[in-house]
Amino acid sequence: MTGTPRTLAEELRTRTDRGLAGLLRARPDLLNPVPGDVTQLATRAGTRASVIRAVERLDRFVLQTAEALAVAPDPCPYDTLAALMAGDAGDPAVAAELPRAVAELRAQALVWGPDDRLRLVRTARELLGPSAAHPSPTGLGPTVTEAAAGMSPGRLQEILAAAGLPATHDPVTAVAALTGLFTDRERMAALLDTAPAESVAVLDKLLWGPPYGGVTDRPAPHLRWLLDRGLLIPAGARNVVLPREAALHLRAGRAHHTPEPVPPALAPVTERDPQLVDNAAASQAFTALATVEELLKEWDLGGPAVLRAGGMSVRDLKRTATALDTTEQLAAFWLELSYGAGLIASDGEADERFGATPAAEEWLQLPDHERWAVLVAGWLAATRTPGVVGTADAKGRALAALGPHLDRSPAPEVRRRALALLASLPPGASVPATAVLARLRWERPLRGDAAAGQIPAPAAGRTPAAPVPAAPAAPAAPVPADDLRSRLAQGSLAEAELLGVTGRGALSAHGRALLDTAADAPPSPADSGAAAHRAAALLAPLLPEPVDHVLLQADLTAVAPGPLERPLAEALGVLADIESKGGATVYRFTPASVRRALDAGRSAAELQEFLTAHSRTPVPQPLAYLVDDVARKHGRLRIGAAAAYVRCDDDALLSEILADRRATALRLRRLAPTVLAAQTSPDQLLDGLRAMGYAPAAESAAGDVLIARADTHRTPPRTAPVPVPDGPPSPDATLLTAAVRAIRAGDLAATAERKPVHTPAPAPGALPRTTSAETLATMQAAVLTHSALWIGYVNADGAASQRVIAPVRVEGGFVTAYDHTSDEVRTYPLHRITGVAELADDSV
């Protein structure tokens, strides 16, 4: 195609296959479904929803360029755009970056046309351009022509006279004369030199927007001076507006108060020894593993109940936070981290509760670095956001941990981008979180809360209600620091530190390995998993080696000088309670903890042997006495289910229990010399007698002692929650290639020159119409001549389409042909072909 393209479709038609693939990769929503031809692609690229999605992904300078085009003449020469962006004084940084911005807008199909006739697509102009209800982000108002559309011809002539311009014969030339005055720098400067100081002050307040102000029925003299010369034009009964041309003169030609062609620098940079950063990150990674282990241990016998609306109650979240010795917000993070890794879930029973999954058992058996890889891989891809737990949703309902409505689709992209910015620094270097947030806001200024479904209004504020704005209007402010994207970034940086991806604010070596995936598209789960395992391999040497011993002390404590081997840690966790954590973990032995070990099936001799085998110090006498004393009392009382009963070979002990006033609530009565019956459940009876200082044991219906093990409650197998995608998935190279070929083939069918047939030509865009005999004869001839045909086809659902086919065989009421549109061999029933036409020579 030669000459200047007249439409976006014509320009897209001139692009190379690589150019079309780039457009589809940048705007994947255009692929669903694959457009039938270039015209459909251009139409879809101009729809409001697609343009909003594309505009939301522009960086601040490219967005500013699009905003300038929205207030520029249509079409706009490149030099005019450059003047709007750089102003009369010029700006080397703007001039250097403007070609990139225009090229990006072209690649996204938001701008088309040659440099001397740049056109912003109509939908983008409507979104970003000014209107009375939706001011422009630039703060500029309507043009003189737009603002004066309803003004009487007599009033226009009065304005021309007051401005020192000659009278004209009609409103059109009057408006043109006033526009010429406002766009002439010398004449406009001369006019403003004669303005009262109060009038100039009013213009200064309206200068950067909003351009609208309120007036009374009898304006003050300084306002009347502006109204008489068209520097303020009525925009309603009590409102006025500053025309765009006048504002641009006052701004020295700039559309924006502060163009931002260069992203904010990541500064100040703090440099540290990379080895110290890696060690700090490894320490945090080990703490994260220990915290998740503790959470799973806490839920070994069953977790909290699931709320009717889903999630955990506030009370259960507080209990979990207390058990983990952390805050409720951090407890929500550890819960969501475990949930995202598939380690905890609801059991799905009628009385639904949370609990550890079977995958948790497998996870606990993995080496430390591999367990870290599982957690981090799930965290990187997760869209669930624990930072919103406790806040209210759109209906005012509190969001619960592990509940619904916690997904925030941009989270994975923000998380990876924040880490990528840290990865751009030298190893061991860090910057304040505010610098990372400023860069992210520059890269995606519209991806905050206000960008959900519409382009935000400028930040300058509402139309003032006073005769003039009460205070100078600030330039368009950046997106506030509490927008969704910033909150996600802040949470991601804090979570990366908790997980040991970063250390002391700097990205660790294993953290950098996490990002070692393709940068042009989100990584696949397989790529993310491979990167996580590479990172884990780097982390493994930094984690402390587990030890196989403890140091028993006379005060009934044991000190673990490092992380214990898993079997030892599990056994000691049953026999003793953790008293303190840190570089060394302190365990305390109590009667209750020893009884817990006995309930788990250990005997006193086995416990003594266990302590002797794993202690580097002799077993202290008080600890040996404690074990023997608890074991001697353990199991003398046996509790089973009648409602519940207590049996004991020592009838004197049962008499003692009956006489104890503390047993009144258990409602006990003697059935036999060695048996008491209770009107409570076995669990309540166990707890009640233990509170009285006894050591009963539960027994089964067969009379055997029940052994309480830590892994008795597990949910059915549950898969980890699937992340909620942020829009259509990014297409791979195979899909892009197939889509481009389909679009080209469809475009060929729609635009190929066709030979005339003996029947009346179809209307433009209509399917060809031929009789059944003519269709069959033309098909048979095409088989002999190996030529291509243009057909109209109606499928079984009644959908009509146009196709270009090369018939291979005609028999049995069917034609087998190579379909250029779908690039495959297909068979078509002849009765569904509405008509056929030969293609012009060299069309295929």
More than 12 heavy atoms of other groups within 6.0 Å of R185 CZ =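 Count over threshold, so yes.
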Do [X] side-chain atoms and [Y] backbone N/O form a donor-acceptor pair below 3.5 Å?
X: R244; Y: P142; value: no
X: T123; Y: G46; value: yes
X: R44; Y: L30; value: yes
X: R416; Y: L380; value: no
X: R439; Y: P264; value: yes
X: R119; Y: L8; value: no
X: E245; Y: V144; value: yes
X: T383; Y: A411; value: no
X: T385; Y: G387; value: no
X: R444; Y: L440; value: no

Measuring from atom [atom1] of [X] to atom [atom2] of [Y], what distance do you get when rounded to the nearest 0.5 angstrom?
X: H249; Y: M188; atom1: NE2; atom2: CE; value: 5.5 Å
X: R13; Y: R744; atom1: CZ; atom2: CZ; value: 9.0 Å
X: D74; Y: R122; atom1: CG; atom2: CZ; value: 11.5 Å
X: R60; Y: T65; atom1: CZ; atom2: OG1; value: 12.5 Å
X: E67; Y: L120; atom1: CD; atom2: CG; value: 10.5 Å
X: W208; Y: T138; atom1: CH2; atom2: OG1; value: 9.5 Å

Quick one: do [X] and [Y] make a salt bridge, cutoff under 4.0 Å?
X: R155; Y: E158; result: yes
X: E413; Y: R57; result: yes
X: D217; Y: R238; result: yes
X: E104; Y: R100; result: no
X: R106; Y: D115; result: yes
X: D91; Y: R254; result: no

Side-chain contact, heavy-atom cut-off 4.5 Å: [X] with [Y]?
X: L248; Y: V71; answer: no
X: Y78; Y: L98; answer: yes
X: L69; Y: L110; answer: no
X: V202; Y: W225; answer: no
X: S424; Y: L266; answer: yes
X: D59; Y: P263; answer: no
X: L232; Y: L206; answer: yes
X: W442; Y: V262; answer: no

With no hydrogens and no angle check, just 3.5 Å: does a side-chain donor-acceptor pair link [X] and [Y]?
X: S50; Y: R27; result: yes
X: Q157; Y: T168; result: yes
X: T145; Y: T143; result: no

Please assess I159 against I233 for the test side chain to side chain contact (heavy atoms under 4.5 Å, CB included), listing each intermediate value before the final yes or no.
-> CA-CA 10 Å; I159 290 176; I233 296 178; 5.8 Å; no
Distance-minimising heavy-atom pair for [X] and [Y]:
X: R441; Y: S486; value: NH1-OG, 3.4 Å
X: L231; Y: P243; value: O-CD, 3.1 Å
X: L140; Y: A247; value: CD2-CB, 3.7 Å
X: L81; Y: C76; value: N-SG, 3.7 Å
X: L736; Y: P731; value: CD2-CG, 3.5 Å
X: P261; Y: E97; value: O-CG, 3.5 Å

For side chain to side chain contact (heavy atoms under 4.5 Å, CB included), just list the numbers for L24 and I743, CA-CA rounded to whole Å, side-chain angles, deciding distance to a tenth of an Å, and then say yes or no.
-> CA-CA 11 Å; L24 297 175; I743 292 171; 4.2 Å; yes
Would you sort out whether L421 and E443 count as a side chain to side chain contact (heavy atoms under 4.5 Å, CB included), showing the intermediate values?
-> CA-CA 11 Å; L421 291 176; E443 292 179 346; 4.1 Å; yes
Hey, mind stepping through F61 and E260 against side chain to side chain contact (heavy atoms under 4.5 Å, CB included) and telling me if it holds?
-> CA-CA 6 Å; F61 185 65; E260 298 181 59; 5.5 Å; no
